[in-house]
Trainee: 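Below you'll find the structure I mean.
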Amino acid sequence: MPRYQGPAAKRIVTPINRQGAKAMTRRVLTVLAAACLLGSVAPQAGAAAPPATWDGLSNVKSKRFDAAYVLPGSDFRVYTKVMLDPTEVAFRKNWVRDYNNDAMDLSQRIDKDDAQKMLNMVSTGFEEIFHKAYTNAGYQVVTQPGPDVLRVRTGVANLYVTAPDRPTAGRSRTFSDEAGSATVVIEVRDSETGALLGRAVDSRTAGDTGPFMRNSVTNRADFSQLFERWAKISVEAMAELKAMSPIPENPTAAR
């Protein structure tokens, strides 16, 4: 990856080319990423399509997520409250190492403390956005299990940030077609029994706006917008599951 040094240097980052990858392959990789974060059994890496079932859940043909699964026979109409678990976050494999290998000088490298601060910031921001989305949708967010409480577990996997905006000795700017990318994992369970009721995974690009200067401020705005999108479709999916309940043997999401 080329870098340009000097006063007011411009660093131009070319994102990974995803256009040639088939959508089905992306869905499989998304499921694999989710399985790694969840510690769950996943399809083989060479699989041509997401599995028909996953941990007892049936695949839902959804346009909202890359892959979605739900438990046939489950009834989501009883849930009027949600209990949100802390959001788990993980970088894309070797992202920190690869970024540091490309660093122009030592001051630009990301150490363990820097990486942990980024993970904590993403986790907190994601949780706040989901809390707001469910509250605005009429759900009471609680901290204790109950017969009408749905436990929602969320995770952000494969987190990739194009320009983490590290300080440098001189002025520098970073330009890129995107802010980064990530994969979301949303899992719902009955809060009292722990029964797994549904799971959805989705991979998207943040700040896909074309060549643009990237820094910590623009990154936060772009990823917040992405998290808001995921929160919105999560709430919409919940409404659809309630409308479909009790879930049929071969569920199909409307959109």
Side-chain angles (χ1 to χ4, degrees), residues 26-43 45 50-51 53-57 59-60 62 64-71 79 82-96 112 115-134 137 139 141-143 145 149-161 164 179-191 194-206 219-220 222-238 241:
R26 187 192 69 182
R27 294 189 182 101
V28 174
L29 294 176
T30 297
V31 171
L32 286 169
C36 291
L37 189 67
L38 296 168
S40 173
V41 177
T53 60
W54 187 10
D55 291 342
L57 306 177
N59 181 258
V60 182
S62 172
R64 287 192 178 94
F65 301 99
D66 285 338
Y69 295 81
V70 67
L71 180 67
Y79 300 112
V82 294
M83 185 170 68
L84 303 177
D85 283 5
T87 300
E88 302 170 62
V89 185
F91 288 118
R92 192 180 71 183
K93 184 178 180 181
N94 297 328
W95 173 75
V96 173
K112 290 183 179 180
Q116 190 58 54
K117 287 178 182 177
M118 292 176 64
L119 294 176
N120 292 343
M121 185 179 298
V122 170
S123 178
T124 300
F126 192 96
E127 291 169 15
E128 291 175 350
I129 288 171
F130 262 63
H131 188 289
K132 180 180 179 180
Y134 274 91
Y139 290 92
V141 180
V142 299
T143 57
V149 179
L150 185 70
R151 179 182 172 187
V152 182
R153 179 185 181 187
T154 56
V156 177
N158 273 359
L159 177 63
Y160 168 84
V161 184
S181 59
T183 296
V184 71
V185 186
I186 304 172
E187 186 179 273
V188 293
R189 295 176 179 268
D190 181 86
S191 65
L196 178 60
L197 304 178
R199 182 182 292 151
V201 292
D202 189 64
S203 293
R204 292 179 187 253
T205 299
N219 288 342
R220 188 176 296 110
D222 289 331
F223 275 96
S224 291
Q225 187 176 48
L226 174 59
F227 297 164
E228 288 169 358
R229 171 60 180 163
W230 277 329
K232 180 177 183 292
I233 62 177
S234 172
V235 169
E236 291 174 347
M238 278 297 303
L241 288 172

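Computed from a predicted model, the values in this text were never measured in an experiment. Reckoned from all heavy atoms, side chains included, excluding hydrogens, waters and symmetry mates.
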Trainee: Please tell me if the side chains of M238 and V82 come closer than 4.5 Å, counting only heavy atoms from C-beta onward.
Mentor: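 Result no, sub-4.5 Å side-chain heavy-atom pair not found.
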Trainee: I'd like to check V89 versus F126 (side-chain heavy atoms, cut-off strictly below 4.5 Å). Are they in contact?
Mentor: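 Result no, sub-4.5 Å side-chain heavy-atom pair not found.
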Trainee: Taking all non-hydrogen atoms of both residues, which atom of S234 and which atom of Y134 are closest, and how far apart?
Mentor: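 Closest heavy-atom pair between S234 and Y134: OG-OH, 2.6 Å.
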Trainee: Rounded to the nearest 0.5 Å, how far does CG of L226 lie from CD1 of I129?
Mentor: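 So the gap between those two atoms works out to 9.0 Å.
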Trainee: When you compare the side chains of Y79 and S191, does any donor N or O come within less than 3.5 Å of an acceptor on the partner?
Mentor: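 Their side chains do not contain a donor-acceptor pair, so the 3.5 Å distance test is not met.
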Trainee: Yes or no on side chain to side chain contact (heavy atoms under 4.5 Å, CB included) for L196 and L71, after CA distance, side-chain angles and deciding distance?
Mentor: CA-CA 7 Å; L196 178 60; L71 180 67; over 6 Å; no
Trainee: Can you measure from CD (E88) to OG1 (T154) and round to the nearest 0.5 angstrom?
Mentor: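 Here the interatomic distance stands at 8.0 Å.
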Trainee: I want to check something: taking the side chain as every heavy atom from C-beta on, are M83 and P145 in contact at a cut-off of under 4.5 Å?
Mentor: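 Yes; the side chains approach each other to less than 4.5 Å.
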Trainee: Counting heavy atoms not belonging to M121, are there more than 12 under 6.0 Å from its CE?
Mentor: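 12 or below, so no.
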Trainee: Using the side-chain contact (heavy atoms from CB on, under 4.5 Å) rule, pick out the option among D190, V141, V142, T143 that qualifies with V149.
Mentor: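 Of D190, V141, V142, T143, side-chain contact (heavy atoms from CB on, under 4.5 Å) with V149 is met by V142 alone.
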Trainee: Going by an N to O cut-off under 4.0 Å, is there a salt bridge joining E236 and K232?
Mentor: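 Counted as a salt bridge, because a side-chain N and a carboxylate O are separated by less than 4.0 Å.
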Trainee: Tell me the closest heavy-atom pair linking V201 and F65, and the distance in Å.
Mentor: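 Residues V201 and F65, closest heavy atoms: O-CB, 3.5 Å.
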Trainee: Which heavy-atom pair separates Y69 from T53 by the least distance, and what is that distance?
Mentor: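 Taking Y69 first and T53 second, the nearest heavy atoms are CE2-C, 4.1 Å.
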Trainee: May I ask you to test the L159-W95 pair for a side-chain heavy-atom distance under 4.5 Å?
Mentor: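 Not touching, per the 4.5 Å side-chain cut-off.
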Trainee: Decide yes or no for R189 and L197: does some side-chain heavy atom of the first lie under 4.5 Å from some side-chain heavy atom of the second?
Mentor: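 R189 vs L197: side chains apart.
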Trainee: Kindly indicate whether the side chain of V70, heavy atoms from C-beta on, has any atom under 4.5 Å from the side chain of L57.
Mentor: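 No; the side chains remain at least 4.5 Å from each other.
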Trainee: Taking all heavy atoms of D66 and all of S203, pick out the closest pair and write down the distance.
Mentor: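 Looks like OD2-N, 2.9 Å.
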Trainee: Once you round to the nearest 0.5 Å, how far does OG1 of T183 lie from CH2 of W230?
Mentor: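 The distance works out to 6.5 Å.
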Trainee: Would you tell me whether S224 and E228 have side-chain atoms, one donor and one acceptor, within less than 3.5 Å of each other?
Mentor: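 Distance-only check fails for S224 and E228.
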Trainee: Is any side-chain heavy atom of L84 less than 4.5 Å from a side-chain heavy atom of E127?
Mentor: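 A side-chain contact under 4.5 Å is absent here.
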Trainee: Nearest 0.5 Å, what's the CD-CG distance between E187 and D55?
Mentor: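 One gets 7.5 Å once the value is rounded to the nearest 0.5 Å.
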Trainee: For the CG atom of N120 and the OG1 atom of T87, what is their distance to the nearest 0.5 Å?
Mentor: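 If we round to the nearest 0.5 Å, N120:CG and T87:OG1 are 11.5 Å apart.
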Trainee: Within a strict 4.5 Å, meaning less than it, do heavy atoms of the F223 and V122 side chains meet?
Mentor: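 No, every pair of side-chain atoms sits at 4.5 Å or beyond.
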Trainee: Which distance, rounded to the nearest 0.5 Å, do you find between the CH2 of W54 and the CG of N59?
Mentor: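 Between W54 CH2 and N59 CG, I get 10.5 Å after rounding to 0.5 Å.
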